[in-house]
2 protein chains.
Amino acid sequence: MLSKASKYAITAVLYLTNSSNKQHKLGSKQIAKALDIPAPFLAKTLQELTKKKIISSVKGPNGGFYLSKENENNTLFDIIACIDDVEKFNDCYLGQFECNEDKPCVVHHLYFPFKNELINKLKTKTILEMSNEYAHNNNLTQILK
Amino acid sequence: MLSKASKYAITAVLYLTNSSNKQHKLGSKQIAKALDIPAPFLAKTLQELTKKKIISSVKGPNGGFYLSKENENNTLFDIIACIDDVEKFNDCYLGQFECNEDKPCVVHHLYFPFKNELINKLKTKTILEMSNEYAHNNNLTQILK
DNA sequence: AAATAAAAGGACAAAAATATCTTTTTTTAT
DNA sequence: ATAAAAAAAGATATTTTTGTCCTTTTATTT
Ligand code: FES
Ligand code: FES
């Protein structure tokens with residue numbers, strides 16, 4: 001399971017795709033308020049993302065966080081790996097010593113393929129793609145109204 | 001994701017199925033040592049399981065923990081629910097506000113069916129069944145040797 | 001009945017995760 | 001240049017989870 005920090009990170013990046021760009025940057029407090037996330041904690045998390053070039057930031061008046069074109073090529077997995085220890089994906093779901101085919105736990109045959117598919121999805125899904133899906137989704141809901 | 005406590009619980013119960021019975025009870029320290037789990041922490045966890053009748057215990061000399069026939073009808077889910085807050089299974093994997101079909105997150109269509117299958121498996125898999133599988137597994141490895 | 005062994009219970013400690021606050025640095029706007 | 005605004009950095013606080021320790025209760029064995 002993901003930590004709160006990386007969930008916040010994902011939610012915030014998703015918010016940035018739709019509400020910011022190089023011209024309209026967003027401050028950490030604005031983002032935190034909009035998403036109802038503890039502001040200083042989010043600020044920390046956004047700093048980590050910036051440090052590892054997952055998102056971009058500019059200091060000073062009118063500064064804030066935004067996504068560059070390059071940033072948008074980052075994947076969900078990149079965000080998660082920036083905050084969490086992704087080694088945990090290798091652990092057995094039931095906490096058995098090792099997770100492998102030789103001595104599978106009772107949910108291994110369910111968990112293992114799912115996990116691999118999930119990781120694959122996380123690794124291939126770029127921020128840009130999510131942004132597009134989100135826009136598409138919103139269009140649909142607009143049309144349905 | 002399960003807490004360490006409930007993973008310890010599962011591992012310990014599994015150990016009990018194979019190494020104990022009403023005649024041969026096991027002390028919490030023995031179990032902890034065999035499984036390399038912090039002893040006092042496991043003791044606490046085993047107490048919770050006993051309180052909720054998932055496993056059985058007897059105090060005094062030659063006392064310890066064991067599984068009654070009724071205990072063996074408990075499921076993996078019962079063990080988990082005894083220790084963890086299973087409401088967390090309803091949360092969105094990526095931490096979006098709600099998990100539902102209307103506004104699914106990007107991994108919802110992967111996560112949701114898996115989660116349901118997993119919960120179903122956890123709810124139907126009894127301790128007895130696991131014990132049998134384990135025995136079967138061991139027989140196989142014996143044969144293969 | 002007494003001694004003992006083990007669970008049960010409760011208080012405490014450490015570590016990790018989450019959350020807050022303060023100061024410094026940098027950039028932009030004036 | 002100066003002031004202001006915002007990120008960056010770092011120190012501190014709280015909460016939750018994990019882990020330890022000590023005392024009490026209870027059942028068993030002698
Ligand atoms: S062995 Fe348990 S998940 Fe693979
Ligand atoms: S909406 Fe994210 S898992 Fe269902």
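Naming: A, B, ... by sequence-line order, numbering from 1 per chain. Predicted model only: the values in this text are computed from it and were never measured. These values consider heavy atoms only, across backbone and side chains, with no hydrogens, waters or symmetry-generated copies.
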I need a per-nucleotide contact map over nucleotides 24-30 of chain C, read 5' to 3'. Cutoff is protein heavy atoms under 4.0 Å; write B for the base, S for backbone only, - otherwise. -BBBB--

Would you check if there is a donor-acceptor pair between the side chains of B:His108 and B:Gln96 at a distance under 3.5 Å? no

If you define the side chain from C-beta out and look only at heavy atoms, does anything of B:Lys103 sit under 4.5 Å from B:Asn100? yes

Axial bend angle, the helix from C:dA1-D:dT30 to C:dT30-D:dA1: five-pair end segments, nearest 10°: 0°

Under 30°, 30 to 60°, or over 60°: which ring-plane class applies to A:Phe114 and B:Phe114, parallel, tilted or perpendicular? parallel

Please enumerate all protein N or O atoms sitting under 3.5 Å from an N or O of nucleotides 10-14 of chain D, with distances to 0.1 Å.
| from | atom 1 | to | atom 2 | distance (Å) |
| --- | --- | --- | --- | --- |
| D:dG10 | N7 | A:Lys44 | NZ | 3.2 |
| D:dG10 | O6 | A:Lys44 | NZ | 3.2 |
| D:dA11 | N6 | A:Lys44 | NZ | 3.1 |

Assign each of B:Phe65 and A:Leu42 to its nearest nucleotide of DNA chain C by heavy atoms, then name whichever residue's nucleotide is nearer the 5' end. B:Phe65

Base, sugar-phosphate, or nothing: which does A:Ile55 touch, judged by heavy atoms less than 4.0 Å apart? nothing

Could you tell me whether the phosphate oxygens of C:dA7, OP1 or OP2, come under 4.0 Å of any side-chain nitrogen or oxygen in B:Ser57? no

Could you tell me whether the phosphate oxygens of C:dA19, OP1 or OP2, come under 4.0 Å of any side-chain nitrogen or oxygen in A:Tyr8? yes

Checking C:dT20, C:dT18, D:dT20 against the side chain of A:Lys4 (C-beta onward), the nearest is C:dT18

Under 4.0 Å, heavy atoms only, any strand: does B:Pro38 hit a base, just the sugar-phosphate, or nothing? sugar-phosphate

Decide salt bridge (charged side-chain N to carboxylate O under 4.0 Å, His left out) for A:Glu70 and A:Lys53; before the verdict, give the C-alpha distance in whole Å, the side-chain angles of both, and the deciding distance to 0.1 Å. CA-CA 9 Å; A:Glu70 298 85 60; A:Lys53 310 273 171 81; over 6 Å; no

Verify the distance criterion only: is there a donor paired with an acceptor across the side chains of B:Thr126 and B:Asn73 at less than 3.5 Å? no

